[in-house]
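The next block holds one structure in the form of structure tokens; read it before the comments.
Sequence positions, counted from 1, serve as the residue numbers for this chain.
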Amino acid sequence: MTQAVLGIIGGSGLYDLPGLEKTEWRQVGTPWGEPSDAILFAELDGMPLRFLPRHGRGHRISPSGIDYRANIDAMKRAGVTDIVSVSAVGSLKEELAPGDFVLVDQFIDRTFAREKSFFGTGLVAHVSMADPVSPGLAARIAAAGAAEDISCRRGGTYLVMEGPQFSSRAESELYRTWGCDVIGMTNMPEAKLAREAEICYATIAMVTDYDCWHPDHGAVDVSQVIRVMGENTARVQRLVARLARDFPREHEPCPVGSDRALDHAIMTAPGA
Ligand code: ADE
């Protein structure tokens, strides 16, 4: 049996969950570089949890400056089988308002200044990203939301931009014509690397603003993002705590094969 270990990548405040036990910050080294911070090892009702502050404690690292390979590899080394990405996003749809939670199931990767693969030098692999989110994990997050009376919209497309500047109005309008639901700066290459590491991945996208396209709302600024994230902290903590309490202690095989993504992905001939 494979023991399930829940990894949470997100902002500060998340790891102050009431009821956390056996807490210990541990430095986890990787051959790729330094992860954003130490990882908080903990348990909740016996469920092992690992928290990694994506931007480092105190938010010191910009989206382009994050070493995503080091972060995902460190989570793998910490035994994580399932990653929940907790991420602030802007809304590209009228019906998604600040304060809403969206369990996205697709991404469009528009980032261009990040290392995106563990493979390429000596060993070539092409994993499937057709279904970047693990539906079993997303269903468990939705169930935790329902149990806590926290509404989570199921499905949606997250446009990942490079940043650090927010979008121009023309870009925002373009992404709306593409049918995107939300926009953010961090979930790629995180989701791609999680797949290469055979870790299940799902995102709780927390809407903080209407980006800059909405005629009745001003353009997004950081004070708005921080304010809405602060208002969301207690709700997302409850959601994560419920998810952890109800999570199966034995890892469940992923319906889209996230946990065995390399089975049919290696191109390089054995011994080459
Ligand atoms: N994170 C939160 N709001 C955002 C926005 N409007 N664009 C990009 N990233 C965001």
(message) If the test is side-chain contact (heavy atoms from CB on, under 4.5 Å), which one of Ile39, Ile9, Leu40, Asp37 qualifies with Pro53?
(response) Asp37

(message) To check you understand the geometry: which heavy-atom pair defines the closest contact between Ala261 and Ala265, and what is its length?
(response) O-CB, 3.4 Å

(request) Output yes when Asp109 and Lys192 qualify as a salt bridge under the 4.0 Å nitrogen-oxygen rule, no when they do not. (result) yes

(message) If hydrophobic clusters are built from ILVMFWY residues whose side chains come within less than 4.5 Å, do Ile226 and Val89 share one?
(response) no

(request) Please answer whether the main-chain N or O of Val5 pairs with a side-chain N or O of Thr81 as donor and acceptor at a distance below 3.5 Å. (result) yes

(message) Within the 4.5 Å heavy-atom criterion, are Ser172 and Leu92 side-chain neighbours or not?
(response) yes

(request) Output the distance between atom CE (Met229) and atom CG (Leu14), rounded to the nearest 0.5 Å. (result) 7.5 Å

(message) Is there a path of hydrophobic side-chain contacts, each under 4.5 Å between heavy atoms of I/L/V/M/F/W/Y residues, joining Ile8 to Trp25?
(response) yes

(message) Tell me whether Ser128 contacts the main-chain N or O of Ala130 through its side chain, where contact means a donor paired with an acceptor under 3.5 Å.
(response) yes

(message) Working note: Asp100 + Ser91, criterion side chain to side chain contact (heavy atoms under 4.5 Å, CB included); need CA distance, chi angles, decisive distance, verdict.
(response) CA-CA 9 Å; Asp100 287 354; Ser91 166; over 6 Å; no

(request) Check the pair Thr186 / Tyr158 against side chain to side chain contact (heavy atoms under 4.5 Å, CB included), numbers first and verdict last. (result) CA-CA 10 Å; Thr186 57; Tyr158 174 142; 3.6 Å; yes

(message) Using modelled atom types and a 3.5 Å cut-off, is there a donor and acceptor pairing between side-chain atoms of Asp131 and backbone atoms of Val133?
(response) no

(message) Test your reading of the model: is there a side-chain donor-acceptor pair from Glu196 to the backbone of His126, 3.5 Å cut-off?
(response) no

(request) Locate the shortest heavy-atom distance separating Glu198 from Lys76; write the atom from each residue and the value. (result) O-NZ, 3.8 Å

(message) Surrounding CG of Asp263 (heavy atoms of other residues, nucleotides or ligands, distance under 6.0 Å), is the total greater than 12?
(response) yes

(message) Could you tell me if Ser64 and Glu162 have a donor-acceptor pair between their side chains, going purely by distance under 3.5 Å?
(response) yes

(message) Determine whether the aromatic ring centres of residues Trp213 and Tyr175 are separated by less than 6.0 angstrom.
(response) no

(message) Taking the cut-offs as 6.0 angstrom to the six-membered ring centre and 45 degrees off its axis, would you call Arg114 and Tyr68 a cation-pi pair?
(response) no

(message) Is any side-chain heavy atom of Asn187 closer than 4.5 Å to one of Tyr201?
(response) yes

(request) Supply the atom-to-atom distance Phe166 CZ to Met185 CE, rounded to the nearest 0.5 angstrom. (result) 5.0 Å

(message) Do Met161 and Ile183 make a side-chain contact, defined as non-hydrogen atoms from C-beta onward lying under 4.5 Å apart?
(response) yes

(request) Treating Ile, Leu, Val, Met, Phe, Trp and Tyr as nodes and any side-chain heavy-atom pair under 4.5 angstrom as an edge, say whether Phe41 and Leu20 lie in one connected cluster. (result) no

(message) What's the separation between atom CG in Leu239 and atom CD1 in Ile204, rounded to the nearest 0.5 Å?
(response) 4.5 Å

(message) With rounding to the nearest 0.5 angstrom, report the CD1 to CZ distance, Ile72 to Arg195.
(response) 12.0 Å

(request) Applying side chain to side chain donor-acceptor pair (under 3.5 Å) between Glu190 and each of Arg69, Arg54, Lys116, report the one that passes. (result) Arg54

(message) Run the side chain to side chain contact (heavy atoms under 4.5 Å, CB included) test on Phe118 and Leu193 for me, step by step, so that the C-alpha distance in whole Å, both residues' side-chain angles and the decisive distance to 0.1 Å come before the verdict.
(response) CA-CA 7 Å; Phe118 293 114; Leu193 291 163; 3.7 Å; yes

(request) May I have the step-by-step check of salt bridge (charged side-chain N to carboxylate O under 4.0 Å, His left out) for Arg140 and Asp82, ending in yes or no? (result) CA-CA 11 Å; Arg140 294 223 166 256; Asp82 297 79; over 6 Å; no

(request) List the steps and the verdict of side chain to side chain contact (heavy atoms under 4.5 Å, CB included) for Leu243 and Glu148. (result) CA-CA 10 Å; Leu243 176 70; Glu148 289 293 323; over 6 Å; no

(request) For the residue pair Arg245 and Leu44, establish whether any side-chain heavy-atom pair is separated by less than 4.5 Å. (result) yes

(message) Restricting to non-hydrogen atoms, name the atom on Val28 and the atom on Arg77 that form the minimum distance, rounded to 0.1 Å.
(response) CG1-CB, 4.0 Å

(request) Indicate if Val102 and Val236 have the same hydrophobic cluster label, given that clusters are the connected sets of ILVMFWY residues with side-chain heavy-atom separations under 4.5 angstrom. (result) no

(message) Can you confirm whether Thr23 sits close enough to Phe51 that some side-chain heavy atom of one is under 4.5 Å from a side-chain heavy atom of the other?
(response) no

(message) Between Ile150 and Leu6, is there shared hydrophobic-cluster membership here, with clusters defined by ILVMFWY side-chain heavy atoms closer than 4.5 Å?
(response) yes

(request) Kindly give the heavy-atom pair with the smallest separation between Pro189 and Glu115, and that separation in Å. (result) CG-O, 3.4 Å

(request) Calculate, to the nearest 0.5 Å, the distance between atoms CD and CG belonging to Glu21 and Leu49 respectively. (result) 10.5 Å

(request) State whether Arg169 and Glu173 are salt-bridged, where the test is any N-O pair (Lys NZ or Arg NE/NH1/NH2 against Asp/Glu carboxylate O) under 4.0 Å. (result) no

(message) Nearest 0.5 Å, please: how far is NE2 in His251 from CE in Met1?
(response) 11.0 Å

(request) Report yes if the side chains of Met267 and Phe119 come closer than 4.5 Å at any heavy-atom pair, otherwise no. (result) no

(message) I'd like to check Leu103 versus Asp105 (side-chain heavy atoms, cut-off strictly below 4.5 Å). Are they in contact?
(response) no

(message) Tell me whether the rings of Tyr210 and His217 are parallel (<30°), tilted (30 to 60°) or perpendicular (>60°).
(response) tilted

(request) Give the minimum heavy-atom separation between Pro35 and Asn71, together with the two atoms involved. (result) CA-OD1, 3.2 Å

(request) State, with a plain yes or no, whether a side-chain heavy atom of Arg235 is found less than 4.5 Å away from one of Met206. (result) no

(request) Would you name the heavy atoms of Cys254 and Asp259 that are closest together and state the gap between them? (result) N-OD2, 3.0 Å

